[in-house]
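Contents: one structure, followed by commentary.
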Amino acid sequence: MNGYDDDPYEGAVSLSQRAMAGLRGSAPDADYLEGLNEAQRAAVEALDGPVLMLAGAGTGKTKALTTRIAHLIRTGRAHPGQILAVTFTNKAAREMKERIARVLGEVEGMPWLGTFHSVCVKLLRRHAELVGLRSNFTILDTDDQIRLLKQLILAANMDEKRWPARQLAGLIDGWKNRALTPDRVRGGETAHFNNRGSELYAAYQDRLKTLNAVDFGDLLLHMVVIFQAHPDLLAEYQRRFRYILVDEYQDTNTAQYLWLRLLAQAHRNICCVGDDDQSIYGWRGAEVGNILRFEKDFPGAKVIRLEQNYRSTEHILAAASVLISANEGRLGKTLWTATKGGEKLRLIGHWDGEEEARWIGEEIEALKRGTRGLDPIGLDDQAILVRASHQMRAFEDRFLTIGLPYRVIGGPRFYERLEIRDAMAYFRLAVSPEDDLAFERVVNTPKRGLGDKAQARIQVLARELGLSLYDAARRMVAAGEIGGKAGAQLRLFVENIARWHAAVQGASPATAVSPADDDDALIELDEGAVPPANDHSHIRLAEEILEESGYVEMWVNDKTPEAPGRVENLKELVKALEQFENLQGFLEHVALVMDNDSGEGEAKVSIMTLHAAKGLEFPAVFLPGWEDGLFPSQRAMDETGKKGLEEERRLAYVGITRAEEICTISFAGNRRVYGQWQSQLPSRFIDELPARHVEVLTPPGLYGGGFGAAGNVGGFGGGFGGGFGGRDDGLETRAAKADVYNSPGWKRLQERASAPPRARPTTVRTVDSVAFGVGDRVFHQKFGYGEVIDLDGDTAAVEFDKAGSKHVKAGFLKPAVGLDDVPF
DNA sequence: GAGTGACCTGACTTT
DNA sequence: CAGGTCACTC
């Protein structure tokens, strides 16, 4: 039984009748339309034809979107199965599903609702044979992808150092994002990667086909190829999906855009919701252009703007609006709010990253208690949003120390951990022994005495006979070709796989045939979890696999400090299986749904990246690390210049607009980068904030050093004072910043830093455009911190704190800016 | 074949 | 500060 083979309209009759009946009995039944503002209502009621909903941050777009779906169903325009709604994240899909259920109740069923990727997996499982795959294909993660590419690069006789697999992966991803198959890569681009880019891409696709595997990009790419090559099939889906809704349209890439356009071009009932100011996935191939050209693609499209913000206070909204106005080429929106007053955006500088974490920890506790006349804000209602995940560590360390409960969303993922990936490889082998990548991964983990040589022999035989590694290994065992201990171990390994595989098939023959024959899965697109009770035999099997393979034992016997944690994680992995009916379902879930948030339990502060925060809101938000190079990120600016900078600015905008009541931006003067202390300049975005909406907080000063100390060596201080005032509000901003310097704590620090007054250096040498002279504190890669006692030409005499006095080349010295430098 | 230490290089954001 | 790779040793 599956929904696709059924006439899609057959089941619809009863549903629409019910819907119609509901409608007939009920003018009051349309109460779900109440509470919408004018624009939202227009967006909900413009059911037919193309609609572009430009929805600013916090303007209630999810509400509009879900109400629109409810309206489609209630007016009888479509039954749920004829509606396709795509989102970008599983989180968004889940939320929409919940809200639709709230409006509709459970009676009427659910639309096709999921991420682009999860919808495509379901479709591709049905039509896999059209691109030369079987419906039980595996979805590779980045790790597998890289390993595969590395092999291909080696096979092509290229130096993998000069031509790293990562780079090729990026190139191929880029092509797939633009829906380019190897033969469609054109012109100069084929010359990428040492002239062999498209050649390797073709080889990679071949290899994937042989492995019956796809990577993430393929999910979209294959579906686009299929739709383009099979108009009849496309027509069927066009008929089926009569109404299409797309969330976060500004983040669609070309492949997704084509996919949507193919599906929508016949009936043109497509409603895209987006905000060009929140486009933050350009690096992943998203094309803001898609949203900008919507009206061209769908002539006569209604464009509806949602501009009333219900989330943030006046000052927060104003600050965000001014900041984003520095970007060019926006569609432009004027967000407004009826809320007056509230806290200004708060800004504070700290000596270093640890100090910043310490202060934020205390501030969170203060907010929780309720401070300065504010209502208490619970930990669940507070979040720290960082630019890059490595920034989270300082907060985790600090919060562990003070016992402040926190949850990390997104961070280093559970399913990406070494031991989990190994265990998953075992599961994959049990489900499909011919999974060569999984075989390679664990054939010698734990050690079975099967080193490079033995593995190479298996590879050779497999290639000669066109077998999977597993089958090749089995033959070699049967022929006794590998002797001694290794041979015996290999025999045990393949016999184990055979037995596990038999157990998997015996346990759930129905699902083993084709996981796609499951119409419920079409509706529960992103869940994968199957609540009904099952016999849990797959859990026992999983335990057996991990035991019999010796994998658990390997970690139990491991004496490294992290080993116990890994064993714990394996237990947790097995526990996670409880929510699934079988191993296959679990594997698919893991491939598609990488988020593992544990929403339960006591109240906790959330720590996450700005990217992960999109679509969320919190009464109190902390935005640490606003320093040039970190945020905006140096790499983004280097790689894509102004375009990159504007995307970073949108990220800043997303961050600020997450806040409802309190938004605190902070920066540190010093930060450890690559394990090395570096002085930091406040983010240029700070200069762009409108001073009248910003309150500058007094840094605590009792803890660390002062900014003035660094000023002498040209680092922080000079840049700080001179860096402000780029915008109209500059003067005000500068005045506000001056408050920082006038604060008592700051002054004291400055005094401390400059007293006793240093002798004016007689000679000044410029290193990396920073000057230092006799008497200055310096840092040397090898000898550490010290003080310059003499300068002579290129040579400096330095008294090092630990290494004693040395003569070194001035070029090897850097002005010291770390904690060690502060002379008190 | 496996274990060790020296070196190097890269470092963000994610479906 | 990581993790990965290489050369070297047992």
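Lettering follows sequence order; numbering is per chain, from 1. Heavy-atom basis, side chains included; hydrogens, waters and symmetry copies ignored.
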Minimum-distance nucleotide to [X] side chain [options: [options]]:
X      : options               : answer
A/K447 : B/dA2, B/dC12, B/dT13 : B/dA2
A/H117 : B/dT15, B/dT14, B/dA2 : B/dT15
A/H611 : B/dT14, B/dG1, B/dT15 : B/dT14
A/R284 : B/dC12, B/dT14, B/dG1 : B/dT14
A/T115 : B/dT15, B/dC12, B/dG1 : B/dT15

| query | Within 45° of the six-membered ring axis of A/F137 and under 6.0 Å from that ring's centre, is NZ or CZ of A/R125 located there? | reply |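 The answer is yes; both the distance and angle limits are met.
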Verify the stacking flag for A/Y281 against B/dT13: centroid separation must be under 5.5 angstrom and the ring planes must differ by under 30 degrees.
no
- [ ] Indicate whether A/W283 forms a stack on B/dT13; treat it as stacked only if centroid distance is below 5.5 angstrom and interplanar angle below 30 degrees.
- [x]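 Taking the rule of under 5.5 Å and under 30°, the ring of A/W283 does stack on B/dT13.
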Pairing partner of B/dG1, by Watson-Crick or G-U wobble and under 3.5 Å for both distances, is C/dC10
Interface residues of residues 168-179 of chain A with DNA chain B (non-hydrogen, below 4.0 angstrom) |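 Per residue number, the list is empty: none.
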Does [X] put a side-chain nitrogen or oxygen below 4.0 Å from OP1 or OP2 of [N]?
X      : N      : value
A/S118 : B/dT15 : no
A/R393 : C/dA2  : yes
A/N444 : B/dG1  : no
A/K150 : C/dT5  : yes

Other residues, nucleotides and ligands only: do more than 12 of their heavy atoms fall within 6.0 Å of CZ on A/R147? yes
Are the side chain of A/D218 and the backbone of A/L221 linked by a donor-acceptor contact shorter than 3.5 Å? no
task: Return the value, rounded to whole Å, for the distance between atom CD1 of A/I458 and atom P of B/dG1.
output: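 The distance from CD1 of A/I458 to P of B/dG1 comes to 11 Å, rounded to the nearest Å.
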To the nearest angstrom, the CG-P distance between A/L610 and B/dT14 comes to 10 Å
